[in-house]
Amino acid sequence: MGGYEDSPLKNENGAGGERSFLESLSDDSLLNYISQLSQGQTQALPQKQRESQRPRLSQLVEHQEKWGDRDKDHDKDQDKDQDQFEAQAQAQQDEGQDQYQYRDQEYSRDDYFHDKARQQLAQDEVFREKYGGGKGGGIFDGCSIYINGFTRPGRLQLHEMIVLHGGRFVHYMSAKGQVSHIVASNLPLKKRVELRNYKVCRPEWIVDSIKTKRLLPWQNYSLFQAQDQAQRPLPLLLPPVPVEENVVDCKHPHFLEQFFAHSRLHHLSSWKADLRAHFLEKFIENSSNPPPQVAPNQFTVLHIDFDCFFASVAALCTPDVDISVDPVVVCHGTKSSDIASCNYVARQYGIRNGMWVSHAEKLIPADVKLVRLSYNFDQFEVKSKAFYQVLHDLEFQLVLPISIDEAVCCVTRRLSREQCEELCQRVRSMVALKTACSVSVGCSDSLVLARLTLKRAKPDGYQILTQSELDQSFLTGLKPRDLPGVGPSLVDKLETHFQQRPLDLAQLQESSLNSLQRCVGEKLGNKIYLALRGKDDEESAKMLYDPQSVFQRKSLSIDINWGVRFDTIHEIDQFIDRCTQYLTDKLESLNRATSQITLRVMRRCKDEAIEPSKYLGMGRCDPFNRSTRLGVPTSEPGIIATEVKSSFRSLGCPPRDLRGIAIQFKLEDVRKRRTALQQQLKLPLVDASVYENLPQDVKKEVGQELKRRKIGISKAAKAASPAFRASSYEERFMQELPTQIRQEVRNDIRITKKARKTKLGEMQEHILKRQEKAKNYKAHFLGEASIFEPIQFQGETRFKKIIHMVLEWVDGTIPGEGPHEHDLHLFDKYLNRLSDANRLPLMLRLAKLVATRLDLRCEKYGSSNGFQEWEKVLLTVILPKLNKNKHTFQTVRKLDIDFDT
DNA sequence: TAGCGTAGCAAG
DNA sequence: CATCGCTTGCTACGCTA
């Protein structure tokens, strides 16, 4: 089984930006190709040749068999489709809204576009012969040119010029490697980024080359240079664009980055994750040595923690601030800004961490000045590093990271009181020496007591107490809140349950296990019961006995609950895309995958002000959760984003009421992954013997490509026949739909298939059942921005009727002048509404049907204005809509249809 | 009764 | 100016097969 190190090939575009031949293949084609190579059926071409000739395996291997009688069958298929349509339409006439109908469409790869491309190549040839373009010796010999968007001169004229002068006119950007030049007059930013590695030039390149009768250097006509110059602001009219430093608009592409850069909580979380990862790394590295086994009750632990870490470090970095005299707080602002950390002088006035600055100001006497310091995240890291270095140098058997400023250190034997004293003092003086900050230390023979003694030791001190020394007097001064795992909510529960406010730990110790469990639940009750006796519960002790499992990452998530203000679902979609990208990048670097995604949406409470008192804060919100199982682990941003967007819609939160978003991935178990799962879940595998048989020169390349795609090489797979197990395209297609839609499609297929075979009665029963279900579903989810709102076109909401209408419209206008502008505008609006509602399958189906229609009429009307107009509509209106959601577009890419225009 | 999805909580 | 309310993991609880 090959390892899965970080993929070196990720997005690695070579000069010229061409994808390598292997990269351009779909998984199936790749596997097919490998197996053929292995059997010597396909000639392994040298790199150069492969690049230029670029055999379309998809065509060679899979099309050929079907090609012959495909055209003949086409009309028949179409009729059959229509019949099915009618049958369903009939059966569902009374349902009124059959919006969720999808049909078992064959989205096979031998599609309109391939047929079309073939035909057009042939046409070009005819054209060239007819008008006597140079056979060889043409100006554009060897150039494959693609025209993007509106140009001047127009597409048709350029097409003619290119073909007549020996060039190849590329109609669709299906495999980007096939294109040598792209001609465009203007490109939107997104496109520019996408195509930045291509030779993109203005149409004048073609015109001028023909004029001068030689191929001019394309660089002189580079579109990007021209556009960059055009976009540069005039120096006097516009003020210099400031470097955007503080982006607080969540619609801005760099919002996440900016927000995180300033968020203390984000820093705390990621520091913690880093520390844990680092710990694991070391732990595994050292596991060749005898691993530090902690025997039950035979250890000493020190819980070590900085005194008001942020405040101390920030004060150290600021001259004229004395942490022992001035009341210091660390915060961003002056009013509704959270206090991240305050020193003990400030605490004397009742100021606490988490309090708003405005509140703190009120607590301070008029003659005292509250010192507000800003965060210095870099310095926090520096101090923390020094801190952990000290701990490592002290040669504890275990240094368990709790957070940036806090650690639990373990000695795997019981130390005498004197030894404990010495150790505590040693730690404190060493840290003070290296960081100029004070830490406090709690020391005991259990984790929980170390934690409690630490509380007592603060600030700037240490305390030692063993389980046997624990008595009433120690507990008397402590509150339930001091127990680990007990927060405000549990305190309230306990105080209510025991009718004692405030509640003392000494009192609580007297209550029975049973009583505690009734109050807070089984496990928590037990945990508190044990803690009051100085003992660790099993869950907490795991940290000592099996730190590896405790520190192993089990989930990955992103939470944004500040600055979230959107107006439209598109903006939210974009935001989801960015969040997903952020997470999948991490997934990639962790080399892990997810198969369960949870979306949490924070929605403004009905009675909460639009703008809460905290600047850009979330205010009071209602949370909504939705989780989805993918069935197959993935790290593909496209698949994941589709899923999340779908979940978002199903929660029906109006865009303007959104105040927070969280996306969480449950991670696959690291040990089970890749071996058992791959086989169980039918991920494609390449047989090791097949791989071994590959010619040497290709083997390495193929190996890298397989790794990039996370396709395993299996020694176990059957040596002989099917070299891989790849699911059908239909299945693949389904895999990439949002689960919710997928379920509907599946359901539909099942019903259609069954209805074909079974008796009328059964069919009706099914339909009744489904109607019922659909009704319930609908009742549940009807709301703003729901995906289930009926979408109208020409006063019609039934999709099958709409399809009929559109097809009639297409048919009726092809022989003439094409669609009327007004009609087109209405159609465009309808498509937008579909797109807004994420009704991808409907859009796909519509696109596919129009494409098929054009295909059918091509022979007869191919040269008519109407046909060409419609072709333009397909390429510039319909398909770009599918492209708009790049993530869903993936589905399409896999099918080898390229919807780029 | 196990397993699932959702919600809530605590921690730093 | 404001302000940067994250992220992980456990537990409880209600529901359903």
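In the text below, chain A, chain B and the rest are named by the order of the sequence lines, each starting its count at 1.
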Discussion item. Once you apply a heavy-atom cut-off of 4.0 Å, does A:I404 come out as touching a base, just sugar-phosphate, or nothing?
Written reply: nothing
Discussion item. Suppose we screen for side-chain hydrogen bond (donor to acceptor under 3.5 Å, both in side chains). Which residues come up paired with A:Y615, at least two apart in sequence or across chains?
Written reply: none
Discussion item. Please classify the nucleic acid contact of A:L483 as base, sugar-phosphate, or nothing, using heavy-atom distances under 4.0 Å.
Written reply: sugar-phosphate
Practice prompt. Please report the shortest heavy-atom distance between A:G617 and A:W562, naming the atom on each side.
Written response: CA-CD1, 4.0 Å
Worksheet item: In Å, rounded to the nearest 0.5 Å, how long is the span from CZ of A:R578 to CD of A:E257?
Response: 11.5 Å
Fill in: Distance in angstrom units between A:D338 CG and B:dG12 P, rounded
17 Å
Response to the item:
Whole-Å distance, A:F551 CZ to B:dA11 P, equals 16 Å
Discussion item. Give the residues of residues 517-533 of chain A touching DNA chain C, defined as any heavy atom closer than 4.0 Å, sorted by residue number.
Written reply: A:V520, A:G521, A:E522, A:K523, A:L524
Discussion item. Tell me every residue that passes ring pair (Phe, Tyr, Trp, His ring centres under 6.0 Å) with A:Y529, counting only those two or more places apart in sequence or in another chain.
Written reply: none
Practice prompt. Could you state the atom-to-atom distance from CZ of A:R600 to P of B:dA7 in whole Å?
Written response: 10 Å
Worksheet entry | Euclidean distance for P, C:dT3 against B:dA11 (whole angstrom) | 27 Å
Worksheet item: Partners of A:R352 by side-chain hydrogen bond (donor to acceptor under 3.5 Å, both in side chains), sequence neighbours excluded?
Response: none
Fill in: For DNA chain C, the dot-bracket pattern of Watson-Crick and G-U pairs whose distances stay under 3.5 Å, | for other-strand partners
.....||||||||||||
Response to the item:
Rounded to whole Å, the CG-C1' distance (A:D559 to B:dG8) equals 14 Å
Is there any protein nitrogen or oxygen under 3.5 Å from a nitrogen or oxygen in nucleotides 2-6 of chain B, and what are the pairs?
from	atom 1	to	atom 2	distance (Å)
B:dG5	OP1	A:R629	NE	3.0
B:dG5	OP2	A:R629	NE	3.0
B:dG5	OP2	A:R629	NH2	2.9
B:dT6	OP2	A:S627	N	2.9
B:dT6	OP2	A:S627	OG	2.6

Item to complete: Between A:R276 and A:S269, just flag the one whose closest nucleotide in DNA chain C comes earlier from the 5' side.
Response: A:S269
Practice prompt. Can you sort out which residues in residues 611-622 of chain A have a heavy atom within less than 4.0 Å of DNA chain C? Ascending by number, please.
Written response: A:K614, A:Y615, A:G617, A:M618, A:G619
Fill in: Those residues that, when tested against A:D567, pass salt bridge (charged side-chain N to carboxylate O under 4.0 Å, His left out) (two or more places apart)
A:K251, A:R656
Discussion item. Can you measure A:K455 atom NZ to B:dA10 atom P for me and round it to whole angstrom units?
Written reply: 13 Å
Discussion item. Please confirm whether the ring centroid of A:H332 lies under 6.0 Å from the ring centroid of A:Y375.
Written reply: yes
Worksheet entry | Closest non-hydrogen atom pair, A:V448 against A:K535 | CG1-O, 3.5 Å
Item to complete: Could you tell me how the ring of A:W271 sits relative to the ring of A:H267: parallel (under 30°), tilted (30 to 60°) or perpendicular (over 60°)?
Response: tilted
Discussion item. Suppose the criterion is side chain to side chain donor-acceptor pair (under 3.5 Å): which pairs have a residue in residues 449-460 of chain A, not counting sequence neighbours?
Written reply: A:D305-A:K458, A:R428-A:D460
Worksheet, complete the sentence: Partner of A:S595 under side chain to side chain donor-acceptor pair (under 3.5 Å), picked from A:K666, A:E668, A:R629, is A:E668
Discussion item. Quick test of your reading: applying salt bridge (Lys or Arg N to Asp or Glu O under 4.0 Å), list the pairs with at least one residue in residues 610-624 of chain A, sequence neighbours left out, ordered by first then second residue.
Written reply: A:D338-A:K614, A:R565-A:E611, A:D607-A:R620
Item to complete: Could you check A:P484 against A:P623 and say which one's nearest nucleotide on DNA chain B is further toward the 5' end?
Response: A:P623
Worksheet item: Between the side chains of A:D492 and A:S489, does any donor sit under 3.5 Å from an acceptor?
Response: no
Worksheet item: Base, sugar-phosphate alone, or nothing: which one does A:H266 contact when heavy atoms must sit under 4.0 Å apart?
Response: sugar-phosphate
Discussion item. Would you say the ring centers of A:F260 and A:Y582 fall short of 6.0 Å from each other?
Written reply: yes
Item to complete: By nearest nucleotide on DNA chain C, pick out whichever of A:R372 and A:V550 is the more 5' one.
Response: A:R372
Worksheet entry | Test side chain to side chain contact (heavy atoms under 4.5 Å, CB included) applied to A:I639 and A:T634, A:V632, A:T580, A:T584, the passing residue | A:T634
Worksheet item: Under a criterion of less than 4.0 angstrom to any heavy atom of chain A, what are the 5'-terminal and 3'-terminal contacting nucleotides of DNA chain C?
Response: C:dA2 to C:dA12
Worksheet item: Which part of the nucleic acid does A:S270 contact within heavy-atom distance under 4.0 Å: base, sugar-phosphate only, or nothing?
Response: nothing
Worksheet, complete the sentence: Rounded to the nearest 0.5 Å, the CD1 atom of A:I351 sits from the OG atom of A:S341 at a distance of 11.5 Å
Practice prompt. Using side-chain hydrogen bond (donor to acceptor under 3.5 Å, both in side chains) as the criterion, list what pairs up with A:S440, not counting sequence neighbours.
Written response: A:D307
